[in-house]
Peer 1: 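Sending over a structure as structure tokens; questions will come in a sec.
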Protein chains: 2
Amino acid sequence: MITIDDEHPTPPFEQIRTQLADQIRAGALEADQRLPSVRQLAADLQVATGTIARAYAALEAAGLISTSRGSGTRVRADQGLDDESRASARRFVQALQRRGVSLDDALSVVRAEWPRLP
Amino acid sequence: MITIDDEHPTPPFEQIRTQLADQIRAGALEADQRLPSVRQLAADLQVATGTIARAYAALEAAGLISTSRGSGTRVRADQGLDDESRASARRFVQALQRRGVSLDDALSVVRAEWPRLP
DNA sequence: TTTCGTGTATCACTGAGATAATACACACGA
DNA sequence: TCGTGTGTATTATCTCAGTGATACACGAAA
């Protein structure tokens, strides 16, 4: 399920791209699974087909999905993080939630702890 | 240190806001520490003062900083996550880096593991 | 071949955001 | 008290990312 928050500063196509990427990496979408067509998803989310097309194009460029005219869009195999990384994320999320930390704050501290680039 | 990436889809004022928020939450900026003036930071980053002012206003609305005319902008006390949360984040970051995971993927899996809203 | 459902390309429009210039209001220190 | 440096507000202008609508190109199946 994908939702669009009009209040959010990030544009719709970016929200769609992010959410799909999250779901694929988390393993919520199986490999080779068919995604909705651009028209279908555009109608569901009340946006233009070009908006969906742009999100799909970005995901394909990132190697997460595979698109082809006529035959639709599918999740590429060999995607998703390994189980250990996901388990590590789950421990982290649970620890912060017990302390009442918000998602934004959690993402914030991860970015902050991530070593700076050289 | 704050940097602006013109390639990034998020607008400059949002990048500034995010980076300052990250640094405050991570404890990189001490409580009561003075931030640069809007004119100073605007000159450093080559943006207009209004852009900095907007980022500062957003941070104040979020309760992270405290601004007052004439006396500048300061980091509010009682900010930053607790040590245990930060330690947890550090463990998480280290675990994923050992596996060669990128920052985007790390944030992605955190969002994915974060429980959905009701 | 024809049909239908795909993704893709194009184009004009809109609005959010950035800018620049300016003026104002307040705090602090000399 | 006055001067300086602060954040804030306003206004007008400009740019361009994102959008929406539409037409095109391709693939699969009947």
Side-chain angles (χ1 to χ4, degrees), chain A residues 2-21 24 29 31-77 79, chain B residues 2-21 24 29 31-77 79:
Chain A
I2 297 178
T3 58
I4 295 183
D5 178 6
D6 289 323
E7 309 297 317
H8 212 270
T10 60
F13 89 89
E14 178 68 12
Q15 293 186 37
I16 296 166
R17 188 198 64 76
T18 302
Q19 291 181 46
L20 282 175
I24 292 172
L29 298 179
D32 211 50
Q33 181 173 341
R34 174 79 180 281
L35 293 181
S37 73
V38 290
R39 287 170 183 76
Q40 175 73 53
L41 191 52
D44 288 352
L45 301 179
Q46 306 270 47
V47 297
T49 61
T51 304
I52 307 296
R54 185 166 180 183
Y56 278 12
L59 288 168
E60 179 165 42
L64 289 173
I65 64 177
S66 149
T67 66
S68 65
R69 287 179 176 173
S71 50
T73 304
R74 291 175 184 280
V75 176
R76 285 190 57 171
Q79 292 307 320
Chain B
I2 296 180
T3 58
I4 293 183
D5 178 6
D6 289 323
E7 310 296 316
H8 213 271
T10 60
F13 86 90
E14 178 68 13
Q15 293 185 40
I16 296 166
R17 188 198 64 76
T18 302
Q19 290 180 47
L20 283 175
I24 292 173
L29 298 178
D32 211 50
Q33 180 173 341
R34 174 80 179 282
L35 293 180
S37 73
V38 292
R39 289 170 182 77
Q40 174 75 52
L41 192 51
D44 288 351
L45 301 179
Q46 305 270 49
V47 298
T49 60
T51 304
I52 306 297
R54 185 168 180 183
Y56 278 11
L59 288 168
E60 178 165 43
L64 289 174
I65 63 178
S66 146
T67 66
S68 66
R69 289 177 177 172
S71 52
T73 303
R74 293 177 182 278
V75 175
R76 284 189 56 172
Q79 290 308 319

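Chain naming here is simple, since letters A, B, ... match the order of the sequence lines and numbering starts at 1 in each. Model, not experiment: these values are computed from the prediction.
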Peer 1: For A:R74, report the nucleic acid contact type (base, sugar-phosphate, nothing); a contact means any heavy atom under 4.0 Å.
Peer 2: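 Contact class for A:R74: none.
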Peer 1: Please state how far atom CD in A:Q40 lies from atom P in C:dT6, giving the value in whole angstrom units.
Peer 2: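 Rounded to the whole Å, the gap is 8 Å.
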Peer 1: Measure from the side-chain N and O atoms of A:R34 to the backbone N and O of A:R74, and report whether any donor-acceptor pair falls under 3.5 Å.
Peer 2: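 Side chain of A:R34 to backbone of A:R74: no pair is present.
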Peer 1: Ignoring backbone atoms, test whether B:R39 places a side-chain nitrogen or oxygen under 4.0 Å from the OP1 or OP2 oxygen of D:dG5.
Peer 2: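 Answer is no, no contact under 4.0 Å.
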Peer 1: Starting from P on D:dG7, measure out to CG on B:L41 and report it in whole angstrom.
Peer 2: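 Nearest whole value for this atom pair: 10 Å.
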Peer 1: Just checking A:G50: base, sugar-phosphate only, or nothing, at a heavy-atom cut-off of under 4.0 Å?
Peer 2: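 Counting heavy atoms under 4.0 Å across all strands, no contact is made by A:G50.
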Peer 1: Please determine if a side-chain N or O atom of A:T67 lies less than 4.0 Å away from the OP1 or OP2 oxygen of C:dT6.
Peer 2: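 No.
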Peer 1: Compare the minimum distances between each of C:dG17, D:dT19, D:dT8 and the side chain of A:T51, then state the nucleotide with the smallest one.
Peer 2: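 The nucleotide sitting nearest to the side chain is D:dT19.
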Peer 1: Could you tell me how far apart A:R54 (CZ) and C:dT10 (P) are, to the nearest whole angstrom?
Peer 2: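 Interatomic distance, CZ of A:R54 to P of C:dT10: 15 Å.
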Peer 1: Rounded to the nearest angstrom, tell me the gap between atom CD1 in A:I16 and atom P in D:dA17.
Peer 2: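 Answer to the nearest Å: 19 Å.
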Peer 1: Does B:S68 make a side-chain N or O approach to OP1 or OP2 of C:dC26 shorter than 4.0 Å?
Peer 2: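 No, B:S68 has no side-chain N/O under 4.0 Å of OP1/OP2 on C:dC26.
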Peer 1: Tell me which nucleotide among D:dT8, D:dG18, C:dT6 gets nearest to the side chain of A:R69.
Peer 2: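 The answer is C:dT6.
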Peer 1: Indicate the atoms forming the closest heavy-atom contact of A:L45 with A:I52, along with that distance.
Peer 2: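 Heavy atoms only, the tightest pair is CD1-CD1, 4.3 Å.
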Peer 1: Rounded to whole angstrom units, what separation is found between the CD1 atom of B:I52 and the P atom of C:dG17?
Peer 2: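 Interatomic distance, CD1 of B:I52 to P of C:dG17: 16 Å.
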Peer 1: Taking the nucleotide of DNA chain D with the closest heavy atom to each, which residue, A:E14 or A:S71, is nearer the 5' end?
Peer 2: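 Nearer the 5' end of the strand: A:E14.
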Peer 1: To the nearest angstrom, how far is A:R34 atom CZ from D:dG27 atom C1'?
Peer 2: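 Value for this atom pair: 12 Å.
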Peer 1: Is any side-chain heavy atom of A:R17 closer than 4.5 Å to one of A:L59?
Peer 2: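 A:L59 reaches A:R17 side chain to side chain.
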Peer 1: Between B:Y56 and B:L35, is any pair of side-chain heavy atoms under 4.5 Å apart?
Peer 2: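 Counting from C-beta outward, B:Y56 and B:L35 do come under 4.5 Å.
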Peer 1: So which nucleotide from C:dA18, D:dT6, D:dG18 ends up closest to the side chain of B:P12?
Peer 2: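 Nearest listed nucleotide: C:dA18.
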Peer 1: Among the candidates C:dT8, D:dT8, D:dT19, find the nucleotide nearest to the side-chain atoms of B:E60.
Peer 2: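 For B:E60, the side-chain atoms sit closest to D:dT8.
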Peer 1: In whole angstrom, give the distance that lies between atom CD of A:Q46 and atom P of D:dT19.
Peer 2: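 Nearest whole value for this atom pair: 14 Å.
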Peer 1: What's the CG-C1' distance between B:D6 and D:dT15, to the nearest Å?
Peer 2: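 Checked: the CG to C1' distance equals 14 Å.
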Peer 1: Name the closest nucleotide to the A:V47 side chain, picking from D:dA9, C:dG7, D:dG20.
Peer 2: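 Of all the options, the side chain of A:V47 is nearest to D:dG20.
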Peer 1: Would you kindly compare A:G70 and B:P11 by the position of their nearest DNA chain C nucleotide and give the one closer to the 5′ end?
Peer 2: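 With A:G70 and B:P11 compared, the 5'-side residue is A:G70.
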Peer 1: Any side-chain N or O of A:T73 below 4.0 angstrom from OP1/OP2 of C:dG7?
Peer 2: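 Checking A:T73 against C:dG7: at least one side-chain N or O falls below 4.0 Å of OP1 or OP2.
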Peer 1: CD1/B:I2 to CG/B:L20 distance, rounded to the nearest 0.5 angstrom?
Peer 2: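 If we round to the nearest 0.5 Å, B:I2:CD1 and B:L20:CG are 3.5 Å apart.
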Peer 1: According to a strict under-4.0 Å criterion, is A:S37 in side-chain N/O contact with OP1 or OP2 of C:dT6?
Peer 2: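 So the side chain of A:S37 is within the cut-off, an N or O lying under 4.0 Å from OP1 or OP2 of C:dT6.
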Peer 1: Distance-only, no hydrogens or angles: does the A:T18 side chain make a donor-acceptor pair with backbone N or O of A:E14 under 3.5 Å?
Peer 2: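 Checked: pair present.
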